[in-house]
Number of protein chains: 2
Amino acid sequence: MLSKKTKYGIKALTYLAKQEQNTPVQIATISKSETISLKFLESILLTLRKSGLLGSKKGKGGGYYLLKDPKDIKMTTVMRVLEGPIAMVSCVSLNYYEKCDDCPDEAECSVHHLMIQVRDSNLKIYGETSLADLVH
Amino acid sequence: MLSKKTKYGIKALTYLAKQEQNTPVQIATISKSETISLKFLESILLTLRKSGLLGSKKGKGGGYYLLKDPKDIKMTTVMRVLEGPIAMVSCVSLNYYEKCDDCPDEAECSVHHLMIQVRDSNLKIYGETSLADLVH
DNA sequence: TGTTATCCTATGGAATTAGTAGGATATTAT
DNA sequence: ATAATATCCTACTAATTCCATAGGATAACA
């Protein structure tokens with residue numbers, strides 16, 4: 001299941017992508033519009049900023065804004081930043097690979113093969129979808 | 001990420017599907033072969049039995065066995081029993097649908113649309129894969 | 001020099017995960 | 001009968017993750 005962090009994060013990014021101009025939007029504005037706890041959203045936007053997806057401005061007229069064109073923000077990036085690995089087991093993860101403790105031989109593992117298929121199909125979807133596509 | 005319960009469960013089912021004859025296999029045998037904690041595996045096999053996938057026999061010569069031909073056990077069933085909903089958000093779940101608290105309109109939700117795609121592609125994989133396919 | 005809004009660390013409750021413990025129950029063999 | 005075998009079942013626990021919340025520090029603007 002998708003964490004609320006990821007869900008809220010995507011909603012907030014979509015909200016920003018919808019803006020006509022890319023001027024800063026306050027946390028409180030997004031919080032109200034999307035019914036997300038202000039403090040929780042604050043922490044989510046902070047990680048999105050640290051990951052390089054968002055820029056921010058302090059003080060009056062401040063807020064968060066996208067650093068790239070929504071067309072150029074792929075959902076693979078968004079998912080990895082918010083949710084972590086796209087793979088369902090670390091032994092099939094491209095970016096966070098780790099060997100399984102209980103598997104002597106990956107090639108023999110039934111779960112491994114199945115999860116490679118799942119990873120690839122999800123990767124295809126996230127790779128072909130940009131933030132711009134999510135704006136209805 | 002896939003829970004260990006699901007991972008171990010699939011491995012155990014695959015182990016049973018590999019057997020030449022469908023005679024009962026003891027928990028301890030699977031536990032040793034697949035390097036899974038005996039007690040943990042016991043609880044997993046119990047849920048698999050309660051879900052109708054496995055039969056069991058007590059006493060000497062007892063153990064667990066598949067109730068159907070591996071060809072007829074689809075991974076959709078296995079995943080739902082072990083991991084729960086296949087959908088990543090309950091608002092796109094076919095079997096466990098629930099409305100989101102924060103969404104006034106699903107049709108307008110950017111996450112909703114994306115997750116329908118993910119659900120469908122995963123459902124396709126799990127639906128087209130049977131336990132027999134996992135026995136390489 | 002206030003006011004505004006993000007920045008950042010720390011904390012906490014609830015839920016989930018990954019087991020463990022130990023006795024009850026049913027089946028088989030002697 | 002009875003001892004041995006193996007599942008059945010409930011309850012418990014430790015660790016981790018999730019979903020926030022609190023509150024002050026910092027930076028920008030009027």
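What you are looking at is a predicted structure, and each value in this text was computed from that prediction instead of being measured. Chain identifiers are assigned alphabetically (A, B, ...) following the order of the sequence lines, protein sequences preceding nucleic acid strands; residue numbering begins at 1 within each chain.
Within the structure, every pair that satisfies the side-chain hydrogen bond (donor to acceptor under 3.5 Å, both in side chains) test and touches residues 92-103 of chain B, not counting sequence neighbours, is listed here: A/Lys7-B/Asp102, A/Lys11-B/Asp102, B/Tyr97-B/Glu106. Evaluation of the side-chain hydrogen bond (donor to acceptor under 3.5 Å, both in side chains) test over residues 67-79 of chain A, restricted to residues two or more places apart or in two chains, returns none.
Here the P atom of nucleotide D/dT7 and the OH atom of B/Tyr65 are 12 Å apart, to the nearest Å. Between the CG atom of B/Asp102 and the C1' atom of D/dC19 there is a distance of 13 Å, rounded to whole Å. Rounded to whole angstrom, the span from the CG atom of A/Leu2 across to the C1' atom of D/dC18 amounts to 13 Å. Taking atom CD1 of residue B/Ile44 and atom P of nucleotide D/dC9, one finds them 17 Å apart after rounding to whole Å. Put simply, CE on A/Met1 is 17 Å from P on C/dA15, counting in whole angstrom units. In this structure, CG of A/Leu54 is placed 13 Å from C1' of C/dT6, rounded to the nearest angstrom. The interatomic distance linking A/Lys50 (NZ) with C/dT6 (P) rounds to 15 Å, in whole Å. Here the P atom of nucleotide D/dT21 and the CG atom of A/Leu38 are 9 Å apart, to the nearest Å.
Side-chain proximity of B/Arg49 to D/dC29, D/dC9, C/dT28: nearest is D/dC9. Among the nucleotides C/dC7, C/dA18, D/dT7, the one closest to any side-chain atom of A/Lys58 is C/dC7. Comparing C/dC8, C/dG22, C/dA18 against the side chain of A/Lys39 picks out C/dC8 as the nearest. Here the side chain of A/Lys57 is nearest to one of D/dC29, D/dC8, C/dC8, namely D/dC29. Closest to the B/Ser37 side chain, of the nucleotides D/dA20, C/dC7, C/dT20, is C/dT20. The side chain of A/Glu42 has C/dC8 as its nearest neighbour among D/dC8, C/dC8, D/dA20. Each of D/dA27, C/dA29, D/dA20 was ranked by its minimum atom distance to the side chain of B/Lys60; first place goes to C/dA29. Candidate nucleotides C/dC8, C/dT6, D/dC8 were compared by shortest atom distance to the side chain of A/Ser56, and C/dT6 ranks first.
The shortest distance between the side-chain N/O atoms of A/Lys5 and the OP1/OP2 oxygens of D/dA20 is not below 4.0 Å. Contact annotation: A/Tyr8 reaches the phosphate of D/dA20 (side-chain N/O to OP1 or OP2, under 4.0 Å).
Heavy-atom distances to DNA chain D give each of B/Val25 and A/Ser43 a nearest nucleotide, and the one nearer the 5′ end belongs to B/Val25. Where B/Gln26 and A/Ser3 meet DNA chain D, the nucleotide closest to each residue was compared, and B/Gln26 sits on the side nearer the 5' end.
Atom CD of B/Gln117 is separated from atom OG1 of A/Thr129 by 5.0 Å, given to the nearest 0.5 angstrom.
Among the heavy atoms of the strands, none lies under 4.0 Å from B/Lys7. Across all strands, A/Ile27 comes closer than 4.0 Å only to sugar-phosphate atoms, never to a base (heavy-atom distances).
The shortest heavy-atom contact between A/Pro24 and A/Gly63 is CB-N, 3.6 Å. In terms of heavy-atom proximity, B/Phe40 sits nearest to B/Lys4 at CE2-CB, 4.2 Å.
Residues B/Val111 and B/Leu114 fail the side-chain proximity criterion, which asks for heavy atoms closer than 4.5 Å.
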